[in-house]
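Written below as structure tokens is the structure these notes are about.
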Amino acid sequence: MKKIILSIIIFLSFLHSAEVKELPWPKGESFLSFLEEYSIPQKLYFNLEKEDKELCSEIVADKRFYLYTEENGDFNQVLIPVSEDIQIHIYKESDGTFKFQTLPINYKEYTETVAIPVTVSVSHDIQKATGDVTLALQLKSLFKGVVDFRKMQKGDFVALKYTKRSLLGRSHGLPELTAAMVEIRGKKHYRIKNDKDDKYYDEKGRGFTKTYFFKIPLTYKRISSKFTKKRWHPVLKRYRAHLGTDFAAPRGRKIYAAGDGKIEFKGRRGGYGNTIIINHQNGYKTLYAHQNGFRKGLKRGSRVKKGQHIGYVGNTGLSSGPHLHLGLYKNGRAVDALKVIRRPKTTGLSAKRKTTFLANAKKVTQKFKSEIKSENRTKATRLDRLTYKSKVKKI
Ligand SMILES: [Zn+2]
């Protein structure tokens with residue numbers, strides 16, 4: 001482990017030199033074509049375990065990565081982020097061989113609370129106060145069917161509490177709302193996230209998520225690989241990550257949409273082979289990889305219903321046998337599909353959980369209320385910025 005830490009320290013010291021380049025991942029570049037470009041043997045990739053191969057398919061175009069080349073232009077090492085938590089590190093050893101490893105990303109996470117008076121429109125005002133475009137969308141989806149945001153007027157108010165991540169002084173990934181208040185004509189509506197089950201409730205602990213809206217998209221033989229976000233493997237002495245769930249099933253078995261949505265991507269995607277991505281409501285996306293083929297007539301932009309046939313299990317891309325790799329993303333972050341799908345249908349909190357939730361909710365609502373008193377009503381205020389909290393665990 002010391003060696004890994006040392007190599008990161010050495011790498012970070014390179015970051016301050018002029019020879020490190022921060023580059024956007026080129027459109028159409030695959031992991032293999034990247035290796036070819038820098039004369040790195042392709043076997044580096046082919047010798048990887050299945051999960052690591054799949055991680056290489058998570059690299060997205062335009063994502064910034066760090067490349068260090070020697071003075072003569074030879075490759076030395078590279079750090080490529082594949083999620084908010086994990087990055088691929090390829091480096092050249094002194095004997096000229098190349099090594100691959102996955103490393104955690106040392107980002108900072110902090111919480112902000114902002115109170116915003118409505119002046120133009122909710123979306124505009126939130127973006128102006130926070131610099132982010134997605135918070136307003138998250139807010140709207142939390143109050144769907146309860147608040148008509150188009151009817152909000154001057155004098156109405158929103159207050160948001162959210163977590164944000166930053167890396168090397170820049171924002172990292174999308175923020176996530178943890179509590180929100182909408183005041184419309186003096187009436188206050190709340191949504192507060194309960195960390196224990198990842199669901200939102202009102203200030204009295206009433207749940208409103210009527211049903212979970214995903215289902216397992218096929219009949220499968222067994223789960224051959226579970227979701228792991230970032231796990232230190234004590235025996236292999238390295239990080240493991242698998243940003244999806246693998247369902248082993250015979251080639252040709254039908255795959256169905258896990259939920260209602262719109263086809264966002266249909267085609268080949270690196271080591272994922274034939275892939276479909278569906279954009280659902282509430283910031284969710286699902287990804288179906290290694291398909292043998294797609295259902296005829298399905299196009300980008302097509303609307304699909306939960307349970308609608310979309311494709312067939314296969315072995316395309318780099319896969320060790322026919323299986324479906326199912327990825328689930330919430331606001332751009334990979335989450336465990338099985339946890340979301342198997343979440344109990346009940347919307348209420350148990351008595352014990354409710355007590356804890358209500359204690360937290362009270363703090364949040366009091367803070368919101370105290371900060372929208374008359375003196376703060378004219379200008380968006382950033383109320384607090386809690387202390388920085390590093391997400392990297394000591395090993
Ligand atoms: Zn997989």
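Counting starts at 1 for both ligands and their atoms, following the listed order.
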List, one per line, each side-chain donor-acceptor pair under 3.5 Å for residues 34-48, sequence neighbours excluded.
unit_1: Gln42; atom_1: NE2; unit_2: Leu32; atom_2: O; d: 3.2
unit_1: Asn47; atom_1: ND2; unit_2: Lys43; atom_2: O; d: 3.4

Query raised in the report: Counting only heavy atoms not in Arg64, do more than 12 sit closer than 6.0 Å to its CZ atom?
Result: yes
Report task. Would you mind naming the N, O or S atom of Glu54 nearest to the Zn ion (ligand 1)? Result -> OE1
Query raised in the report: Any N/O/S atom of His323 sitting less than 2.8 Å from the Zn ion (ligand 1), backbone or side chain?
Result: no
Query raised in the report: Is the Phe75 ring parallel, tilted or perpendicular to the Phe98 ring (thresholds 30°, 60°)?
Result: tilted
**Report entry** the Zn ion (ligand 1) to nearest N/O/S of Glu51 less than 2.8 Å
**Finding:** no
Report task. Taking the Zn ion (ligand 1) as the reference point, name the nearest N/O/S atom of Asp246. Result -> OD1
Query raised in the report: If we only count heavy atoms from C-beta on, is the Glu109 to His172 side-chain gap below 4.5 Å?
Result: no
Report task. Can you tell me which residue pairs pass the ring-ring contact (aromatic ring centres under 6.0 Å, His included) test with a partner in residues 297-341, sequence neighbours excluded? Result -> His242-His325, Tyr272-His325, His290-His323, His309-Tyr312
Query raised in the report: Of all N, O or S atoms in His325, which has the smallest distance to the Zn ion (ligand 1)?
Result: ND1
